[in-house]
Amino acid sequence: MSTSHDHFDLILRGGTVYDGTGDEPFSADIGVTGDRITALGDLSKATAKEDIDVSGMAVSPGFIDVHSHDDFHVLSSPDVEHNTLQGITTVVVGNCGFGAAPYEVAAGRLGDLFELPEAVKPWDGYAGYLATIDQVKPSLNVAVLIGHNTLRLDAMGDNQEVPPSIDQVTLMAGWVAEGMDAGAVGFSTGLIYEPGRFSMTDEIAAVATVACGYGGVYASHIRNEGGGLLEAVEEAIIVGEMSGCSVQISHHKASGSENWGRIEQSLELIEAARQRGLDVTADQYPYTSGSTRLAAVLQNRALTDGSGGFGLVKSEDVLIATAPGFPTYEGRSLASFVNEWDLPAEDAGQKILDEAGENVYVVIFMMGEGDVRRVMAHPTTMIGTDGIPAGSKPHPRAWGTYPRILGKYVREEGVISLHDAIHKMSGMPADKFQLAGRGVVREGAFADLVVFDPDTVIDTATYEDPKTPPTGMPHVIVNGSVVVRDGVHTHARTGRALRRGRE
Ligand code: ZN
Ligand code: CU
């Protein structure tokens with residue numbers, strides 16, 4: 001019960017609490033002491049060092065971005081504004097098979113996009129990565145998945161287009177054990193990317209089994225989101241069955257207009273697996289466009305015959321998001337290069353890669369709005385941004401995912417209720433990824449909180465101007481400290497490395 005005469009470090013007064021469990025909201029003041037919620041109820045007689053009037057506002061657990069690529073960004077820009085300003089208080093990094101260790105391989109990929117300050121030294125394994133997070137202290141909490149592509153590059157070097165030897169599988173398994181011992185929350189694959197696309201199901205299951213022995217999640221950017229969507233979802237489920245892992249289908253979608261509607265059947269596959277007792281869930285960002293590496297688009301023949309994992313993609317539906325060293329390319333459609341250079345789309349894409357290097361990212365319009373809504377409304381879907389905030393025109397999801405769901409899909413279109421949306425953003429991800437003491441508003445839980453106005457909250461980030469914060473989301477609190485106040489970052493850096501199942 002409320003401890004009405006107490007003195008707190010922080011009180012949020014008069015808000016409507018969405019507690020993250022999916023239950024209906026209730027009115028309560030929230031008292032915070034140190035990094036914890038220590039009272040919930042009528043605190044009108046209590047005092048606090050810091051008092052914030054949140055009447056008329058919704059208060060919910062801080063959002064848990066289950067699909068982040070900010071492994072390096074949380075260290076290079078520790079305020080992590082694109083996340084914190086949209087209410088994210090925890091990121092799960094290491095998605096799509098790209099992990100933070102071994103350092104040399106990870107830096108080869110992400111280090112070009114997010115340059116680390118000199119004070120940040122190369123880390124040793126996942127234990128070293130998590131220790132580095134605790135040292136740098138970003139403004140939000142960080143949990144980590146172990147990325148398969150990164151391990152495979154390390155274990156197999158330049159010879160990737162073959163199955164690994166037993167020794168190489170053992171090497172990868174050793175890294176997974178190191179990561180899970182350190183507190184990683186699971187293992188991820190990116191089977192549309194190189195080298196992951198060269199790996200067979202048995203290799204993946206063998207390595208995943210190590211993570212599952214610790215109770216980790218298997219999160220997969222599946223092999224095909226186009227014409228082969230259903231077989232690819234089945235493969236992820238088979239890996240779950242072979243390894244014993246709980247499964248997360250990353251950014252669940254049907255790509256390519258010829259495949260729209262197939263999402264009905266992939267949701268049925270998930271439901272059927274759940275009925276057999278397997279814990280299969282998915283995540284989603286709320287847009288009809290995706291964003292990925294241009295190299296992967298070409299490797300999957302998306303611009304020529306659509307035989308790979310994207311389905312067929314037209315050059316006018318591809319925007320250059322990030323082209324290191326070529327900022328004038330950013331924001332332009334691939335079709336504009338096709339015209340200017342008088343080249344087929346595939347060759348124009350290759351020319352951009354030759355000029356700007358392999359870290360070119362694109363935005364691709366590939367999904368149907370009906371599918372986006374169906375996935376969002378499904379009870380097995382939680383929310384993640386998949387944001388890659390590099391270059392001048394990154395996908396707006398990096399800034400707008402959470403307010404867009406709360407404004408567009410909850411308030412304006414009624415696709416899901418507000419309490420369901422909050423559950424998909426907090427309690428549900430905390431359970432899935434074993435983030436102990438997070439994702440709920442209750443006495444004793446960590447004080448990771450977001451205050452927003454349900455009547456006005458909305459994203460403002462667009463394809464033309466993608467780096468803009470939301471409106472209607474004034475306050476964000478991480479481990480009891482106010483990190484965003486009145487929509488402005490306070491530069492408080494109270495985030496932590498989160499280790500699986502540990503408070
Ligand atoms: Zn992905
Ligand atoms: Cu991703």
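Counting convention: from 1, in listed order, for ligands and their atoms alike.
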Between T84 and S139, do the side chains contain an N or O donor and an N or O acceptor separated by less than 3.5 Å? no
Suppose you place the vertex at the Cu ion (ligand 2); what is the angle out to H67 NE2 and C96 SG, to 10°? 100°
Can we say D465 and K393 salt-bridge, meaning some charged N sits less than 4.0 Å from an Asp/Glu carboxylate O? no
When you measure from the Zn ion (ligand 1) to each N, O or S atom of H251, which atom gives the shortest distance? NE2
Under a 4.0 Å N-O cut-off, is there an ion pair linking D354 with K351? no
Name of whichever N/O/S atom of D386 is nearest to the Cu ion (ligand 2): OD1
Can you tell me if, anywhere in H221, an N/O/S atom lies at a distance from the Cu ion (ligand 2) that is smaller than 2.8 Å? no
Please determine which of V450, I458, D459 meets the side-chain contact (heavy atoms from CB on, under 4.5 Å) test together with M473. V450
Whether H251 has an N, O or S atom under 2.8 Å from the Cu ion (ligand 2): no
Closest N/O/S atom of H221 to the Zn ion (ligand 1), by atom name? ND1
K467 and E81 ion-paired at < 4.0 Å: no
